[in-house]
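Encoded as structure tokens, the structure appears first; notes follow it.
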Amino acid sequence: VVAISYVLAYGYDSLLHQASLDFIAEHGQLTPLSPFYIGQYSLEVLTHFFTGVDFVLIERWFLPLFFVVTIFFVGKLILAKVFGEKNLLALVLSVVLLLPSVFFASSPFGFALLFSVLALAFLYLFIKTEEKYFYFVSLVTALAALFIHPFVGLGIILWILAWPYYQKIKDTLWQKI
């Protein structure tokens with residue numbers, strides 16, 4: 001609704017990101033180099049180069065569509081691995097999560113939050129299934145959040161890195177009790 005309602009963009013932030021993307025596509029980089037937004041800009045520039053879609057459309061629709069698709073598949077994976085169910089509950093979950101949120105416009109903060117939610121979902125899968133693959137995916141997803149928006153990604157990656165130590169400490173304490 002927001003993407004259709006606001007013809008130019010939602011706020012000035014999107015206009016700045018579109019200008020930055022145009023500059024990167026034309027000149028190869030944005031200076032001065034900053035750790036902020038690297039992950040989002042690289043995803044959007046690659047999407048532009050491979051599809052030819054204009055940055056205005058990419059900036060407007062990339063995160064909302066990416067959010068719907070990833071939350072649907074990760075929700076379905078959680079239901080299948082943890083609860084053993086392969087029904088439409090994942091679809092219901094993804095629709096519920098589409099209620100007004102920060103995922104209605106493409107922004108680095110929204111992208112970092114999405115990758116943080118995905119990292120926590122994969123950490124949950126690791127905790128429930130004890131499959132080390134999910135811990136690795138959680139760590140990589142948290143690193144993606146860190147490269148997209150360091151302030152958001154840093155907190156998530158610290159939680160994920162601390163989890164094995166928490167488990168070890170908890171197990172040691174339970175043995176002493």
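Listed by chain and residue number, V74, I78 satisfy the side chain to side chain contact (heavy atoms under 4.5 Å, CB included) test with A121 (two or more places apart in sequence, or in another chain). Scanning for ring pair (Phe, Tyr, Trp, His ring centres under 6.0 Å) contacts around F136 gives an empty result, with sequence neighbours left out. Applying the ring pair (Phe, Tyr, Trp, His ring centres under 6.0 Å) criterion to F134, with sequence neighbours excluded, gives no partner residue. For the side chain to side chain contact (heavy atoms under 4.5 Å, CB included) test, residues two or more places apart in sequence or in another chain that qualify with V137 are F122, Y133, T141. Under the ring pair (Phe, Tyr, Trp, His ring centres under 6.0 Å) criterion, W159 pairs with no residue at all, not counting sequence neighbours. With sequence neighbours excluded, the residues that form a side chain to side chain contact (heavy atoms under 4.5 Å, CB included) with A142 are A119, I156, I157, I160.
One hydrophobic cluster, built from ILVMFWY side chains closer than 4.5 Å, cannot hold both I148 and V140; they sit in different ones. Follow the hydrophobic side-chain contacts under 4.5 Å out from L161 and you reach Y166 in the same cluster.
Put simply, the side chain of L77 does not reach to within 4.5 Å of the side chain of F73, judged on heavy atoms. The closest side-chain heavy-atom distance from W163 to S138 is not below 4.5 Å. Within the 4.5 Å cutoff, no side-chain heavy atoms of V152 are placed close to those of L146. Counting only heavy atoms from C-beta outward, the side chains of F115 and F66 approach each other to under 4.5 Å.
Here F147 contributes atom CZ and L143 contributes atom CG; the two are 6.0 Å apart, rounded to the nearest 0.5 Å. A distance of 12.0 Å separates CG in L154 from NE2 in H149, rounded to the nearest 0.5 Å.
A145 and A112 get closest at one heavy-atom pair: CB-O, 3.7 Å.
Applying the salt bridge (charged side-chain N to carboxylate O under 4.0 Å, His left out) definition to pairs two or more places apart or across chains, those involving residues 131-147 are K81-E131.
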Per-pair distances, 0.1 Å, donor-acceptor, side chain in residues 45-56, under 3.5 Å, sequence neighbours excluded:
residue, atom, partner, partner atom, Å
T47, OG1, L43, O, 2.7
H48, ND1, V53, O, 2.7
T51, OG1, T47, O, 2.5
T51, OG1, V53, N, 3.3

